[in-house]
Amino acid sequence: MRAVVCGAGIAGLTLAWHLERAGWDVELVERAGSFRDGGYMIDFYGPGAEVAARMGLSERLRELRYEVNELGYVDGDGRTTSRLTLPPGAYGVTSLLRGDLARAVADRVRSPVRYGLTVDAVEQGSGGVRVLLSDGTWRDADLLVGADGVHSRVRELVFGPRERFVRYLGHHVAAYSLDHEELSRRVGVRYRMLTVPGMMAGAYALRGGRLAMLFLHREPDPAWPAAPAAALRERYGHLGWILPQVLPHCPDPPELYYDQVSQVEMDAWSRGRVVLLGDACQAVSLFAGHGASLAMAAARVLAEELTGGGPDVPAAAARYEARMRGPVARVQRFGRRFVKWMAPPSRGRIAARDWLLRLAALPGAGRLLAGRLGPGGHELFSASPHAPGSWPER
């Protein structure tokens, strides 16, 4: 069996790892010109961590993790307004850069990755699917997987315009990293955030004297600004804290990650021999977190159905969707509820958040509130990342 996977991110690479070990011939194509490192910090656990363990990645992820020991909010003068201290290995969560997780998976994948390519046309027949790549070459395969993100080209070609499926959540997000040893030391192994109504700027230290920045703000217009880096400097430059020092280092895209905060909702994730995976069909948004965990879980579920249920690709795709749709919907609902905590719309909501974090000092309260107020959220398929039932049933 032969598969073409469009998208060499976490979802596509995880699927390739599983399929190639089941004897499939897999080729990945990736729109970016090279492997995409970096990205923002994610909280990784639950079904995705279970998949990573089964892939033999646990030790590597322990090496790559960041020991974030505190979540705190500051004002424009850098004074802490509220904080939540996190014990070592808090709640079974691994904090690491999204790009580091993708690299750990990529290092285990044997299948070729063709960078600088995407899909330009798709032709389906009863016996297979033909794929025209952007370099003018054709591929014949048994399966085409669109694992190419919220702005999926495969989804657009096979299912229709993105406007049918993408729900904009009213915010823009940006992230980049910079070399700044002094600020990296000052921030330390803590996640620091400054919030004003409708805006958030976060910082955390990286290895090698680097600092990672994350920005989130309300924006009624989903369209990108013409000059994203300049727009960030204008919007955030007056807020104080460390922002006047870091914003002059803000790069232009693609070094600057800039996007809408969106979710993807579809009635069907497959059509014939074309199947969508990861954010292309199940984006849960930055507000929900868990996108990486869901991507790895979904990739394994799809691989299980493709390799364990016979050669009927459409039937396998239907079983994969049936197993994953419920968990995805629950995380998406959580993400929509979490908006008011991650980017509070008013000073009253900010005060309520700070009050709740102070309550976290009470015995037993920290575990509950970390799941509600942390930068990535901590609710996935169940209250505990290791509870029974956290894995989608086959």
Side-chain angles (χ1 to χ4, degrees), residues 7 9-11 14 39-40 42-51 93 98 146-152 154-156 159-173 200 214 216 218-219 222 259-270 275-302 317-318 320-345 370-385 387 389-393:
I10 292 169
T14 302
Y40 48 81
I42 62 172
D43 290 340
F44 184 64
Y45 68 88
E50 185 178 336
V51 173
V93 174
R98 188 179 186 90
D148 47 346
V150 173
H151 308 289
S152 171
V154 173
R155 187 187 63 224
E156 179 183 28
F159 296 85
R162 73 182 302 276
E163 291 77 15
R164 295 185 189 177
F165 312 113
V166 177
R167 176 194 282 204
Y168 176 55
L169 298 186
H171 290 72
H172 287 194
V173 61
M200 183 276 286
L214 177 68
L216 182 70
R218 292 177 60 85
E219 175 54 65
D259 207 352
Q260 309 163 0
V261 180
S262 303
Q263 294 181 339
V264 174
E265 300 172 318
M266 303 182 68
D267 292 334
W269 296 351
S270 64
V275 183
L276 300 179
L277 178 66
D279 282 352
C281 61
Q282 61 188 36
V284 294
S285 84
L286 178 73
F287 293 129
H290 312 304
S293 184
L294 277 173
M296 294 189 73
R300 182 174 178 100
V301 168
L302 178 57
Y320 142 74
E321 181 177 341
R323 290 173 63 184
M324 289 301 304
R325 184 171 285 279
V328 168
R330 288 196 291 275
V331 178
Q332 287 182 329
R333 287 194 296 270
F334 170 74
R336 294 191 290 271
R337 294 197 306 270
F338 194 65
V339 172
K340 61 182 179 291
W341 296 112
M342 192 167 183
R372 303 303 188 265
L373 302 180
H378 291 265
E379 179 183 281
L380 190 50
F381 301 165
S382 58
S384 167
S390 65
W391 183 254
E393 295 298 326

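- In this structure, CD in Glu156 is found 11.5 Å from NE2 in His151, a value given to the nearest 0.5 Å.
- Rounded to the nearest 0.5 angstrom, Ser270 OG and Phe159 CZ are separated by 6.0 Å.
- Minimum interatomic distance between Leu286 and Val261 (heavy atoms only, all atoms of both residues): N-CG1, 4.2 Å.
- In terms of heavy atoms, Ala298 sits closest to Gln282 at CB-NE2, 3.5 Å.
- Between the Gln332 side chain and the Val264 main chain, a donor and an acceptor come within less than 3.5 Å of each other.
- Considering CE of Met324 and CG of Leu294, their distance stands at 5.0 Å, rounded to 0.5 Å.
- For the pair Arg300 (side chain) and Gly48 (backbone), a donor-acceptor distance under 3.5 Å is absent.
- A donor-acceptor contact under 3.5 angstrom links the side chains of Arg336 and Gln263, judged on distance only.
- In this structure, the separation between CE on Met266 and CD on Glu321 is 8.5 Å, given to the nearest 0.5 Å.
- Of the options Val328, Leu277, Val275, a side chain to side chain contact (heavy atoms under 4.5 Å, CB included) to Trp269 is made by Val328 and by none of the others.
- Closest heavy-atom contact between Pro47 and Ala297: CB-CB, 3.8 Å.
- For Asp148 (side chain) and Val154 (main-chain N/O), a donor-acceptor pair under 3.5 Å exists by modelled atom type.
- For Ser262 against Val150, the heavy-atom pair with the smallest separation is CB-CG1, 4.4 Å.
- One distance of note links CZ of Arg218 with CE of Met200; it measures 14.0 Å at 0.5 Å rounding.
- By the 30° and 60° cut-offs, the orientation of the rings of Phe334 relative to His290 is tilted.
- Separating the CE atom in Met296 from the OG1 atom in Thr14 is a distance of 4.0 Å, to the nearest 0.5 Å.
- Across every non-hydrogen atom of Ala147 and Ala11, the tightest pair is CB-CB, 4.4 Å.
- Considering every non-hydrogen atom in both Asp267 and Arg325, the closest pair reads O-NH2, 3.3 Å.
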